[in-house]
Amino acid sequence: MHIGRTTLSKFVIEQTRGAHSEMGALLIDVAAAVKTISGLVGKGALSGFSGSMASTNVQGEVQKKLDVLTNEAILRHCEWGGQLAGMASEEMDAPYAIPAEYPRGRYLLIFDPLDGSSNSDVNVSVGTIFSILQRSTAGDAEPADFLQPGARQVAAGYAIYGPSTMLVLSVGTGTHGFTLHRESGNFILTHPDIRVPETTREFAINTSNERFWEPPVQRYVSECKAGKTGIREADFNMRWIASMVAEVHRILMRGGIFMYPKDNKDPAKPGRLRLLYEANPMAMLIEQAGGAASTGRGRILDVVPEALHQRVPVMLGSREEVKRLERYHHEYDTGADRPFASPLFAERSLFRD
Ligand code: FDP
């Protein structure tokens, strides 16, 4: 059925020839880890690994047994090959040093082994997200090596474990989707050169947080909800799966916008999603597919990280909508969205009176 079609291995070897040929081998190991995780997740309750651990991760979130197992799966599949200088993940406080017995390389692998894991016990799609950066030389990575802006990523991708398992990847030459052919164990290129439609009538946000959002986000969402009779003059649809990988996948397939904005629910957290292993890889995939990814106040890929587990506001998807949100943030920050409240207006009214 798939004989003669492009496999992931063929694709990455061809796409990484030359300067990044070692990265091809690393991506094939990542894909092997993804297949292991797909098997584990696909067993559902029969795996015996559903439920939570007694432990919490560095973010203070309760770890699921699957969070820990999937983290181990990626470490074991990727540590031995000699391409890596170090790894970091959502589930580990500090970067993981490559064991002494294995050779070192110049790449850094950063990942969220099971994103949306709060959905794993309810049989909703979850995923693995990864980002690859590089150091100038091979050797053991220092924690500071991981703190590079997303624009320096040499590859990024995610796997989605849904009715089918897919791996969506960019090595800087577009965004491409591969579907796991379970019988042969091959990922087959089924979605070459994915493009996000420029316009959309679908938005995704957790509206239970509405009262905590900043005014520009409240403005944007209320305009979408106002539909045909509002200033957008169009009815919008809303989706919220609470699994970022599934939301981003839907946007890559048919457009839309996904928002996890800054809110004041917990003032210590400037957003919910993590920059290095959630926002940056997804931003690269979306931009490579012609979409946009922003904090509301600038391009996600330009944010200079200060900490491994740093959080960031995320607004990504169809370009026109992301640009509109950026404009609303700018108008809010400059006061242009409320001229009647500006000191200049107050002065003018006084003068008139
Ligand atoms: P999770 O904590 O289950 O891993 O990564 C954070 C994330 O999931 C995203 O995948 C998802 O979009 C979001 O959190 C869900 O947030 P809400 O609980 O606010 O719905």
Side-chain angles (χ1 to χ4, degrees), residues 37 40-41 49-53 55-71 74 88-92 110-131 150 156-162 166 168 202-214 217-218 221 238-252 256-283 285-286 293-296 300 307-317:
I37 297 172
L40 204 58
V41 170
F49 297 124
S50 29
S52 301
M53 309 268 292
S55 54
T56 53
N57 65 13
V58 62
Q59 343 270 332
E61 296 160 344
V62 176
Q63 283 181 307
K64 297 266 181 191
K65 290 177 193 157
L66 278 174
D67 286 325
V68 176
L69 273 173
T70 52
N71 194 62
I74 298 182
S89 125
E90 177 178 14
E91 303 306 329
M92 300 182 295
I110 317 177
F111 55 92
D112 178 353
L114 201 61
D115 185 72
S117 61
S118 50
N119 287 311
S120 57
D121 290 344
V122 293
N123 205 4
V124 166
S125 299
V126 288
T128 296
I129 312 174
F130 63 91
S131 159
Y158 66 78
I160 179 165
Y161 312 110
M166 282 189 71
V168 176
E202 201 161 71
F203 68 99
I205 191 164
N206 181 350
T207 49
S208 70
N209 292 326
E210 185 159 9
R211 67 193 186 283
F212 303 112
W213 298 335
E214 289 192 286
V217 176
Q218 288 177 338
V221 172
M238 200 200 87
R239 290 284 178 270
W240 188 248
I241 307 173
S243 182
M244 187 196 196
V245 172
E247 318 272 6
V248 170
H249 193 67
R250 185 188 61 248
I251 289 168
L252 285 170
I257 181 163
F258 168 85
M259 293 162 275
Y260 216 115
K262 180 177 161 189
D263 62 45
N264 60 14
K265 193 174 184 180
D266 179 352
K269 293 181 184 168
R272 171 168 177 137
L273 302 175
R274 276 49 62 110
L275 174 62
L276 291 179
Y277 39 83
E278 292 178 319
N280 274 343
M282 292 311 201
L285 292 165
I286 290 283
S294 174
T295 63
I300 287 176
L308 199 54
H309 299 284
Q310 178 174 341
R311 294 173 192 263
V312 71
V314 172
M315 292 156 213
L316 56 77

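Model, not experiment: these values are computed from the prediction. First listed ligand is number 1; within each ligand, the first listed atom is number 1.
Every atom of ligand 1 is numbered from 1 in the order shown, and the set under 4.0 Å from a heavy atom of G116 is 1 (P), 3 (O), 4 (O), 8 (O), 10 (O). Ligand 1 places these atoms under 4.0 Å from at least one heavy atom of L273: 5 (O), 6 (C). Heavy-atom contacts of S117 reach the following atoms of ligand 1: 3 (O), 4 (O) (cutoff under 4.0 Å). Of all the atoms in ligand 1, the ones that sit under 4.0 Å from a non-hydrogen atom of W240 are 20 (O). Residue-ligand proximity, Y260 to ligand 1, at heavy-atom distances under 4.0 Å covers atoms 16 (O), 17 (P), 19 (O). Each of the following atoms of ligand 1 lies closer than 4.0 Å to a heavy atom of S118: 3 (O). The distance from ligand 1 to the heavy atoms of N206 drops below 4.0 Å at these ligand atoms: 17 (P), 19 (O), 20 (O). Per-residue contacts place M244 under 4.0 angstrom from the following atoms of ligand 1 (heavy atoms of the residue considered): 9 (C), 10 (O), 11 (C), 12 (O).
Only the side chain of R274 comes within 4.0 Å of ligand 1, counting heavy atoms alone; its backbone N, CA, C and O stay farther away. With a 4.0 Å heavy-atom cut-off, ligand 1 is reached by the backbone of S243 but not by any atom from C-beta on.
Remark: ligand 1 and N209 share no N or O pair separated by less than 3.5 Å (distance only, no angle test). The N/O atoms of E278, backbone and side chain alike, include one that comes under 3.5 Å of an N/O atom in ligand 1.
At a cut-off of 3.5 Å, with distance as the only test, no side-chain donor of D115 or Y277 sits close to an acceptor on the other residue. Counted by atom type alone, N280 and S131 present zero donor-acceptor pairs between their side chains at under 3.5 Å.
The backbone N or O of P270 sits nowhere less than 3.5 Å from a side-chain atom of R311 that would complete a donor-acceptor pair. A distance-only check finds a donor-acceptor pair linking the side chain of T128 to the backbone of P113 [under 3.5 Å]. A donor-acceptor pair is defined here as one N or O able to donate and one able to accept, closer than 3.5 Å; no such pair exists between the side chain of D67 and the backbone of E91.
Contact annotation: the side chain of V248 never approaches that of V168 to less than 4.5 Å [non-hydrogen atoms, C-beta and beyond]. Between Y161 and T70 the shortest side-chain heavy-atom distance does not fall below 4.5 Å.
Heavy-atom minimum distance, L66 versus L114: CB-CD2, 3.6 Å.
Residue, atom and distance of the protein heavy atom nearest to atom 13 (C) of ligand 1 are R272 NE, 3.8 Å.
Two rings, from W240 and F258, have their centers less than 6.0 Å apart.
Comparing S120, A242, S208, G127 against atom 11 (C) of ligand 1, the shortest heavy-atom distance belongs to A242.
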